[in-house]
Amino acid sequence: MNDPSAHSVVAAAVADRLAHPDGAPAAATADANRQHLAFGPTGIALLHIERAAAGHTPWQRAHDWLAAATHQPFTSGPDSHPFYGAPALAHALACAADHLPGSYRHGLGLLDRQVTADARRRLDAAHRRIDAGQLPALAEFDAIRGLTGYGAYLLRRDSTGPATRAVLDYCVRLTEPVTRDGEQLPGWWAPTGPSGRPDSRFPGGHANHGMAHGVGAVLALLALAARRGTIVASHHRAMRTILAWLEQWKTTTGRGTTWPYWITHDELRAERLTPSAPRRPSWCYGTAGLARAQQLAAIALGDTDLQADAEAALLDALTDPAQLRAIPDSGLCHGFAGLAHLTARIAADAAPATADQLRATVTSLLAVLFPPGVSPHDAATRLLEGEAGAGLLDGAAGTALGLLAADSAEPPHTAWDACLLIA
């Protein structure tokens with residue numbers, strides 16, 4: 001399947017197999033997944049919203065999936081987060097409403113108020129924690145569960161509003177160091193392991209670099225806001241603080257620049273990394289997500305050298321067999337489709353020569369998923385019947401959205417990927 005247009009045929013085949021909730025795999029509509037953007041109907045609706053906005057499919061498909069999601073009330077308040085409950089539904093509805101003026105107006109207005117109230121409550125708790133000199137939980141600030149995820153939504157809905165600016169103020173404050181037991185730690189240092197729970201492998205905690213759960217998302221949100229003209233006090237200084245940290249911990253090898261997923265307490269004290277095997281260049285962790293965050297920051301700061309370095313790091317990763325072998329699946333989160341989509345997003349903002357080189361890698365990335373001789377129908381079947389299921393983050397719907405990057409240098413028609421903090 002070397003013809004890039006075939007990738008859109010696979011995406012269309014996946015969408016057709018997911019045309020209505022009644023014909024979808026049971027897990028996609030199970031009550032346990034209903035409120036999850038990552039696994040449930042709202043994430044699958046994003047595929048249909050994107051294709052409807054492009055004129056490829058009727059809007060009724062998106063309506064049917066949103067209806068499947070909302071046959072029971074959605075969770076809000078402390079038990080919700082950007083990928084679960086009311087904020088997850090709000091993201092999907094906002095993507096549809098952007099192209100259907102007047103549709104979902106009442107429901108989206110209610111959700112906007114709820115998301116804002118939830119963000120305010122979380123901000124109050126975060127500032128109390130900082131005032132007490134305590135370290136943050138990853139879920140306080142990360143993209144999946146925390147305030148950068150809320151910030152991504154608020155930036156879209158009201159880019160200069162007080163709630164958006166309050167989240168940005170918090171992000172700035174998060175970059176201020178914290179002193180614990182006489183030791184100065186970065187303000188985003190978590191006292192736990194990457195799971196968010198105490199972990200004997202991470203005595204003293206860690207600094208997480210990921211876009212899903214770490215400081216990469218903080219940098220990306222600050223950069224996206226600055227590109228839109230929303231800047232708060234010390235905004236650029238905060239970006240420079242994170243960039244300096246990443247510069248300190250980057251690794252330069254014969255195959256280019258990479259960044260570790262995280263820094264342990266022992267590594268911090270030794271001021272050097274523990275050697276490790278090559279790691280995947282994915283959205284959630286690794287070079288690809290961090291390259292996008294740094295490219296966005298470089299553009300916001302007008303730093304052409306930094307931008308060139310970030311784009312070169314991704315290009316090196318895309319041509320490194322050892323890093324590519326570490327990619328485990330097809331999904332958006334840590335798989336080939338997510339890497340292809342990120343590459344397309346980075347190429348759209350890159351210098352022309354680099355952009356051409358980046359785009360040239362996308363088809364070869366996807367050829368790993370769909371070798372010659374695999375029909376689009378068989379490829380769609382394999383995706384939908386795979387262990388990852390039909391959902392957005394790891395499953396078939398997200399892979400289909402990522403496949404659309406292979407066919408066009410144009411950006412998505414909707415803001416479906418705003419929840420990933422890459423645009």
Side-chain angles (χ1 to χ4, degrees), residues 36 38-39 78-79 81-84 122 125-126 129-130 132-150 170-171 174-221 241-242 245-246 248-251 258-290 293 323 326-329 331-335 338 393-394 420-421:
H36 281 279
F39 314 119
D79 293 328
H81 57 67
F83 272 68
Y84 182 82
R122 286 169 173 260
R129 188 269 306 165
I130 295 172
Q134 301 300 310
L135 296 171
L138 293 176
E140 178 185 290
F141 65 86
D142 75 10
I144 300 291
R145 300 163 296 177
L147 280 163
T148 55
Y150 281 94
Y170 158 78
C171 288
L174 189 70
T175 66
E176 297 171 358
V178 176
T179 300
R180 292 293 302 275
D181 301 323
E183 182 180 32
Q184 191 174 86
L185 300 170
W188 58 87
W189 189 274
T192 63
S195 69
R197 296 184 293 272
D199 189 327
S200 60
R201 295 170 298 174
F202 293 86
H206 78 295
N208 196 297
H209 292 165
M211 285 286 279
H213 299 298
V215 75
V218 180
L219 178 61
L221 178 61
T241 296
I242 300 171
W245 172 269
L246 294 174
Q248 177 184 350
W249 291 105
K250 73 179 182 182
T251 299
T258 64
W259 289 271
Y261 290 0
W262 46 66
I263 299 299
T264 67
H265 200 212
D266 286 344
E267 288 171 330
L268 181 70
R269 287 179 166 173
E271 297 185 346
R272 66 176 182 271
L273 293 172
T274 302
S276 67
R279 292 177 167 177
R280 65 178 187 264
S282 58
W283 167 72
C284 56
Y285 282 106
T287 298
L290 282 176
Q323 290 188 63
I327 299 174
D329 57 36
L332 279 181
C333 186
H334 39 251
L393 208 54
D394 297 320
L420 304 179
L421 282 160

For the side chain of [X] and the backbone of [Y], is there at least one donor-acceptor N/O pair under 3.5 Å apart?
X: Ser282; Y: Gly335; answer: no
X: Trp249; Y: Trp259; answer: no
X: Thr148; Y: Phe141; answer: yes
X: Arg129; Y: Gln134; answer: yes
X: His36; Y: Ala38; answer: no

Pair Leu138-Trp188, side-chain contact (heavy atoms from CB on, under 4.5 Å): steps then yes or no: CA-CA 8 Å; Leu138 293 176; Trp188 58 87; over 6 Å; no
NZ or CZ of Arg279 within 45° of Trp262 ring axis and under 6.0 Å: yes
side-chain contact (heavy atoms from CB on, under 4.5 Å) between Val178 and Trp189, worked out: CA-CA 8 Å; Val178 176; Trp189 189 274; over 6 Å; no
Trace of the side-chain contact (heavy atoms from CB on, under 4.5 Å) decision for Leu185 with Arg180: CA-CA 7 Å; Leu185 300 170; Arg180 292 293 302 275; 4.2 Å; yes
From [X] [atom1] over to [Y] [atom2], what is the distance, rounded to the nearest 0.5 angstrom?
X: Cys284; Y: Asp142; atom1: SG; atom2: CG; result: 12.0 Å
X: Leu393; Y: Phe39; atom1: CG; atom2: CZ; result: 6.5 Å
X: Leu135; Y: Glu140; atom1: CG; atom2: CD; result: 10.0 Å
X: Asp329; Y: His334; atom1: CG; atom2: NE2; result: 4.0 Å

Pro278 side chain reached by Thr258 side chain, heavy atoms, under 4.5 Å: no
Pairwise side-chain contact, Leu174 with Leu147, heavy-atom cut-off 4.5 Å (strictly under): no
Among Leu221, Leu219, Val218, the one residue meeting side-chain contact (heavy atoms from CB on, under 4.5 Å) with Leu421: Leu221
Mutual orientation of the aromatic rings belonging to Tyr285 and His213 [parallel < 30°, tilted 30-60°, perpendicular > 60°]: tilted
Nearest atoms (heavy-atom pairs only) where [X] meets [Y]:
X: Leu290; Y: Met211; result: N-CG, 4.3 Å
X: Asp394; Y: Cys333; result: OD1-CB, 3.5 Å
X: Ile144; Y: His81; result: O-ND1, 3.2 Å
X: Pro82; Y: Ala143; result: CB-O, 3.9 Å

Derivation of the side-chain contact (heavy atoms from CB on, under 4.5 Å) call for His265 and Glu183: CA-CA 11 Å; His265 200 212; Glu183 182 180 32; 2.7 Å; yes
Glu271 atom CD: more than 12 heavy-atom contacts under 6.0 Å: no
N-O pairing of Asp266 and Arg269 below 4.0 Å: no
Check ion pair Arg272-Glu267 (N to O, under 4.0 angstrom): no
Side chain to side chain donor-acceptor pair (under 3.5 Å) between His209 and Trp245, worked out: CA-CA 10 Å; His209 292 165; Trp245 172 269; 2.8 Å; yes
